[in-house]
Amino acid sequence: MFASAPLQPPTTNLGFRRAVVSVEKRIGRSSVITPGSARLRHPSPRLEAVSRGEEQCCDSTGTGNNNLLSLCLASDGIYRSYGWKWDPNSIVGILQLRCIARASPHVLSTVGKSTNILWHECPVGKLDRQKLLGQKGCVVWITGLSGSGKSTLACSLSRELHHKGYLTYILDGDNIRHGLNGDLSFNAEDRTENIRRVGEVAKLFADAGVICIASLISPYRKERDACRAIMPDSSFIEVFLNIPLEVCEARDPKGLYRLARAGKIKGFTGIDDPYEPPLNCEITIELEDGKCPTPKAMAEEVAFFLEKNGFLQG
Ligand SMILES: Nc1ncnc2c1ncn2[C@@H]1O[C@H](COP(=O)(O)OS(=O)(=O)O)[C@@H](OP(=O)(O)O)[C@H]1O
Ligand SMILES: Nc1ncnc2c1ncn2[C@@H]1O[C@H](COP(=O)(O)OP(=O)(O)O)[C@@H](O)[C@H]1O
């Protein structure tokens, strides 16, 4: 059941600090093979940190071989790992490793232009918040042309989930540009930054346990994929509103296509600026018999996906 291939001493990436982990002993029915190596049996485990006592939990992703560990930084400055649930829906196995890391607890780091910074952990973790809310934080990322119905779907989904007792929050491109991203234009560089920032904010909402609905054109595949990449496994749900340009243009609720066609807006998505459709998104919504599904039907499709994938339980 457990592959016997020797692993590297698991180097657990805590983002700003790297801790070389040596396995101390095996507890329970899972998976430590030899000192200095550990292997988890689930091919792609979705690990959730279980916060213990007064220790601080660090969500972390191990490198290589699916060798994922989450570590707790205890007050004595030693990292230890405890029991993890594999899968939030069905506990197919409890891993109970006990690891000790040789690492300094106070390693300052540099991220971009931020020097000498230290990540602070809190004993109240994501799992605790999810239990409290009875849902799992995630990002529903709605992408599509202007006028494709992103805001309509976002509102409809939010309403549907809210009525069922789930906490949602919408990050709408138009709205965010009224505040946080008001310094950004629509040139490629600024759109990239727009998407990056919304991705980071969405990640925080998801970490808070909220079902975060991000609706922005987000025309570039690379940037959407980058947002996906910063999210924990499978909690980024990309919804492509694949509504043809002709339909969006006919709707033109803000008159922007008309202005773009008249050359009064330069670099308008779909007219003289590119839109790169997703290649591998979770949900695609498109015309059926030439008609767009109703906002309610679109929302129900997304809500069904969330339900089926365990996001609507703590
Ligand atoms: N040049 C150009 N191209 C596309 N859209 C434009 C442009 N200029 C202004 N608008 C208005 O801005 C809204 C899109 O903002 P986003 O933040 O979602 O765009 S992006 O993701 O940065 O591409 C978009 O809103 P939606 O129609 O809701 O998509 C437009 O109202
Ligand atoms: N499923 C739908 N069926 C019919 N009309 C829709 C649908 N979704 C949106 N619309 C209409 O299309 C227009 C653009 O929708 P909107 O949500 O503002 O798009 P976006 O946020 O992508 O720009 C609005 O007038 C809206 O009422």
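Whatever order the structure lists them in is the order used to number ligands and atoms, beginning at 1.
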Is [Y] paired with [X] through a side-chain N to carboxylate O contact shorter than 4.0 Å?
| X | Y | answer |
| --- | --- | --- |
| Arg129 | Asp207 | yes |
| Arg221 | Glu238 | no |
| Arg197 | Glu200 | no |

Fill in: Within the protein, residues bringing a heavy atom under 4.0 Å of ligand 2, chain by chain
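For ligand 2, the residues that come within the 4.0 Å heavy-atom cutoff are Leu145, Ser146, Gly147, Ser148, Gly149, Lys150, Ser151, Thr152, Arg251, Pro253, Cys292, Pro293, Thr294, Pro295, Met298.
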Practice prompt. May I ask you to test the Asp174-Ser151 pair for a side-chain heavy-atom distance under 4.5 Å?
Written response: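 Answer no - side chains too far apart.
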Worksheet item: Quick one: ring-ring contact (aromatic ring centres under 6.0 Å, His included) partners of Phe205, sequence neighbours excluded?
Response: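 Per chain and number, Phe205 pairs via ring-ring contact (aromatic ring centres under 6.0 Å, His included) with Tyr169.
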Hey, what polar pairs (N/O, under 3.5 Å) does ligand 1 make with protein?
{"unit_1": "ligand 1", "atom_1": "1 (N)", "unit_2": "Gly267", "atom_2": "O", "d": "2.9"}
{"unit_1": "ligand 1", "atom_1": "3 (N)", "unit_2": "Arg191", "atom_2": "NH2", "d": "3.1"}
{"unit_1": "ligand 1", "atom_1": "3 (N)", "unit_2": "Thr269", "atom_2": "N", "d": "3.4"}
{"unit_1": "ligand 1", "atom_1": "17 (O)", "unit_2": "Arg177", "atom_2": "NE", "d": "2.8"}
{"unit_1": "ligand 1", "atom_1": "17 (O)", "unit_2": "Asn194", "atom_2": "ND2", "d": "2.8"}
{"unit_1": "ligand 1", "atom_1": "18 (O)", "unit_2": "Ile217", "atom_2": "N", "d": "2.9"}
{"unit_1": "ligand 1", "atom_1": "21 (O)", "unit_2": "Ser218", "atom_2": "N", "d": "2.8"}
{"unit_1": "ligand 1", "atom_1": "22 (O)", "unit_2": "Arg177", "atom_2": "NH2", "d": "2.9"}
{"unit_1": "ligand 1", "atom_1": "22 (O)", "unit_2": "Asn194", "atom_2": "ND2", "d": "2.7"}
{"unit_1": "ligand 1", "atom_1": "23 (O)", "unit_2": "Arg191", "atom_2": "NH1", "d": "2.8"}
{"unit_1": "ligand 1", "atom_1": "25 (O)", "unit_2": "Asp174", "atom_2": "OD2", "d": "3.2"}
{"unit_1": "ligand 1", "atom_1": "25 (O)", "unit_2": "Lys254", "atom_2": "NZ", "d": "3.0"}
{"unit_1": "ligand 1", "atom_1": "27 (O)", "unit_2": "Ser146", "atom_2": "OG", "d": "2.5"}
{"unit_1": "ligand 1", "atom_1": "27 (O)", "unit_2": "Lys254", "atom_2": "NZ", "d": "2.9"}
{"unit_1": "ligand 1", "atom_1": "28 (O)", "unit_2": "Lys254", "atom_2": "NZ", "d": "3.1"}
{"unit_1": "ligand 1", "atom_1": "29 (O)", "unit_2": "Lys150", "atom_2": "NZ", "d": "2.9"}
{"unit_1": "ligand 1", "atom_1": "31 (O)", "unit_2": "Lys254", "atom_2": "NZ", "d": "2.8"}

Item to complete: Would you confirm whether Asn187, through its side chain, and Glu189, through its main-chain N or O, come within 3.5 Å as a donor-acceptor pair?
Response: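 Such a contact is found between Asn187 side chain and Glu189 backbone.
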Practice prompt. Applying side chain to side chain contact (heavy atoms under 4.5 Å, CB included) between Phe304 and each of Lys308, Glu300, Glu301, report the one that passes.
Written response: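 Considering Lys308, Glu300, Glu301, a side chain to side chain contact (heavy atoms under 4.5 Å, CB included) with Phe304 is found only for Lys308.
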Discussion item. How about CG on Asn280, more than 12 heavy atoms from neighbouring residues, nucleotides or ligands closer than 6.0 Å, or not?
Written reply: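 No, CG of Asn280 has 12 or fewer neighbouring heavy atoms, counting only those of other groups under 6.0 Å.
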Fill in: side chain to side chain contact (heavy atoms under 4.5 Å, CB included) involving Thr269 - partner list, sequence neighbours excluded
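So Thr269 forms a side chain to side chain contact (heavy atoms under 4.5 Å, CB included) with Leu145, Arg191, Ile217, Pro219, Tyr275.
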